[in-house]
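In what follows, chains carry the letters A, B, and so on, assigned in the order in which the sequence lines appear, proteins first and then strands, with residues in each chain numbered from 1.
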Amino acid sequence: MASRRVALKAVDWLAFAERVPPNQRSMFNALKTRSDAISAKLASLPETPAAIDWSFYRSAVAKAGMVDEFEKKFKALQIPEPVDTQTSAINAQEAEANKSALAYVEASKARIAQYEEELTKFKNMIPFDQMTMDDLNDAFPETRLDKVKYPYWPHKPIADL
Amino acid sequence: MLSVGQLKTHHSFSVEFVISRCFAGFSRETSLRLCRRARRGRNKKQGARRSNNSASQPSVMLSRLIVVSVNSLKGCGPIGAGLVHASRSLHTSPQSLAPLPPLPEKGGKVRHGIFPEELFQLLYPKTGVTGPYMLGTGLILYMLSKEIYVINHETFAAASIGTAIIYGVKKFGPTVANLADKINEEKVAKAQEVKDVAISSLTQAIDDEKKEQWRVEGRSMLFDAKRNNVAMLLETNYRERLHMVTNEVKRRLDYQIALQNLHHRLEQEHMINWVEKNVISSITPQQEKESIAKCITDLKVLAKATQARAAA
């Protein structure tokens, strides 16, 4: 019997838990409990089953050749290893996740650049008590009075005063 | 102007170009300066002067225009030369595009509300402290005596209205000024708050984005965990199969052994029963009597032996 020892990659659950955003925490907890249950089940099973004492049986069982026959067949038996159907799916998922993560990081970087630009605009603004109305309208375009739409003072609807 | 008329025919393009450039610059600057002044409400109260930068601009600009036109007239050759002249002198104007320095906080100092302090400083070296007052008194007396200013009904009207105005300003001036300042400060504070909130929210947003990027980096751990789970499940399944096979074989062997034992036991018991039955059935009445008599004699002997032992 060949016993498989697949190398399990150690998962640092603490570091993993840190990186989980709060809205996915319940999913993470479910995953962790499932993983723990599976690993506990694995640990509870011994790696190889207890060996069968053939000599005892040979002396005990009266029927001639039965034990020998059993032994021969037992030793020749090859237990098929279970087929792995999920790893490829997981790998595909991982590739897709990597792709979407890259896209998200790109978008995030673009957003950061935009925020930085606005931040520099605000930081480089002259103080308000040294601004003219023109400067204020340049810095905050929403303060510009529309003199075409409302040609008479106060150049905005009365309700907005 | 003859020169201008000549210009119109020969160099109309260059002059129009120059005019439009000049006036564009002029209008922008005027709007800047005028808007500045509009914010200074307090200066209105104290009647401060408005410096006349804007007033001087048109004359400067027009003179420059004339200089430019004269230059091009001097050349009086092909249009190309005139254009080169015009553009070069425009670019060397002292008008700079740098932001202007902030305005002074208070207007020029005045005495008695209308007379600028500079007049008093001007006359101080020659006439001392009372100089300007003497000048004022002298001027008023001169105007009254020579009847340059004639006293009439309007004088009394002006005097009473002036008194009322001065009393009003002196009494309510500071209050109204404070109120206006408060209104202004509220506006500035609101704008400042908007700016502060914007800055803080932007920095917060940047931090959040960076944190999210860091979170995304941990995605491989999820898939490692999943693959581990799959591997563990497979291993468990395999071990279960091994155990199952062993157990089943053992069970069958044990069954055989148990079967054998059972057979053995049954045979033994059957044999014992059969032997017993036969023995009992083979005991005849005669033998039974003999055996009972023998038992009695044996008992008597035993009783004698024990009696003898007890006596001894």
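- Two residues are said to be in side-chain contact when any heavy atoms from C-beta on lie closer than 4.5 Å; A:L77 and B:V249 fail this criterion.
- When heavy atoms are compared at a cutoff of 4.5 Å, A:P127 does not approach chain B at all.
- Across all their heavy atoms, A:F122 and B:K195 have their closest contact at O-CE, 3.2 Å.
- With a 4.5 angstrom heavy-atom cutoff, B:R219 touches chain A only via side-chain atoms.
- For B:K187, no part lies near chain A; criterion is any non-hydrogen pair under 4.5 Å.
- For B:L259, no part sits under 4.5 Å from any heavy atom of chain A, backbone or side chain.
- Counting non-hydrogen atoms of neighbouring residues, nucleotides and ligands closer than 6.0 angstrom, the NE2 atom of B:H264 reaches no more than 12 such neighbours.
- Pairing each heavy atom of A:S35 with each of B:M232, the nearest pair is O-CE, 4.0 Å.
- B:H243 contributes a side-chain N or O that, together with a main-chain N or O of A:P46, makes up a donor-acceptor pair within less than 3.5 Å.
- Among B:V216, B:T203, B:I206, the residue making the largest number of heavy-atom pairs under 4.5 Å with chain A is B:I206.
- Residues A:N91 and B:R227 share a closest heavy-atom pair of OD1-NH1, 2.5 Å.
- With a threshold of 4.5 angstrom between heavy atoms, B:E217 approaches chain A through its backbone and through its side chain.
- With a 4.5 Å cut-off on non-hydrogen atoms, A:F70 touches chain B through its side chain but not through its backbone.
- With a threshold of 4.5 angstrom between heavy atoms, A:Q86 approaches chain B through side-chain atoms but not through N, CA, C or O.
- With values rounded to the nearest 0.5 angstrom, B:N228 atom CG is found 10.0 Å from A:I38 atom CD1.
- For A:E116, the parts lying under 4.5 angstrom from a heavy atom of chain B are both the backbone and the side chain.
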Worksheet item: Stepwise, does the side-chain contact (heavy atoms from CB on, under 4.5 Å) test hold for A:D84 with B:V230?
Response: CA-CA 8 Å; A:D84 184 0; B:V230 167; 3.6 Å; yes
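- For B:K226, the side-chain hydrogen bond (donor to acceptor under 3.5 Å, both in side chains) test picks out A:Q93, with sequence neighbours left out.
- Heavy-atom pairs under 4.5 Å with chain A peak, among B:I257, B:D224, B:L253, at B:L253.
- The contact between A:M66 and chain B is made entirely by side chain atoms (from C-beta outward), counting heavy-atom distances below 4.5 Å.
- For the atom pair A:E47 CD and B:Y238 OH, the distance stands at 10.0 Å (nearest 0.5 Å).
- Interface with chain B: from residues 95-104 of chain A, residues A:A97, A:N98, A:A101, A:Y104 qualify, criterion being any non-hydrogen pair under 4.5 Å.
- Between B:E240 and A:K41, at least one side-chain nitrogen of the basic residue sits less than 4.0 Å from a carboxylate oxygen of the acidic one, meeting the salt-bridge criterion.
- Rounding to the nearest 0.5 angstrom, the gap separating the CG atom in B:N184 from the CZ atom in A:F128 is 13.0 Å.
- Note: A:I90 leads A:V11, A:I90, A:V105 in heavy-atom pairs under 4.5 Å with chain B.
- Here the NZ atom belonging to A:K9 is positioned 6.0 Å from the OG atom belonging to B:S220, to the nearest 0.5 angstrom.
- Surrounding NE2 of B:H270 are at most 12 heavy atoms belonging to other residues, nucleotides or ligands under 6.0 Å away.
- Here A:P80 is the residue among A:S44, A:A10, A:P80, A:A15 with the most heavy-atom pairs under 4.5 Å with chain B.
- Taking A:A60, A:A51, A:A139 one by one and counting their heavy-atom pairs under 4.5 Å with chain B, the maximum is reached by A:A60.
- With a 4.5 Å cut-off on side-chain heavy atoms, A:L42 and B:R239 count as touching.
- At least one side-chain heavy atom of B:N229 sits less than 4.5 Å from a side-chain heavy atom of A:L31.
- Residues A:K109 and B:E209 are not paired through a salt bridge, judged by the lack of any N-O separation under 4.0 Å between the basic side chain and the carboxylate.
- The number of heavy-atom neighbours closer than 6.0 Å to NZ of B:K190, taken from other residues, nucleotides and ligands shown, is 12 or below.
- Residues A:L119 and B:I199 form a side-chain contact, since some pair of their non-hydrogen atoms from C-beta on lies under 4.5 Å apart.
- Counting only residues at least two apart or in different chains, salt bridge (charged side-chain N to carboxylate O under 4.0 Å, His left out) contacts with residues 242-266 of chain B comprise B:E248-B:R251, B:E248-B:R252, B:R265-B:E269.
- Contact check for A:I112 versus B:Q213: side-chain heavy atoms found under the 4.5 Å cut-off.
- The ring-ring contact (aromatic ring centres under 6.0 Å, His included) pairs that include a residue from residues 38-68 of chain A are A:W54-A:F74, where partners are two or more places apart or lie in different chains.
- Heavy atoms of B:Q260 lying under 4.5 Å from chain A belong exclusively to its side chain.
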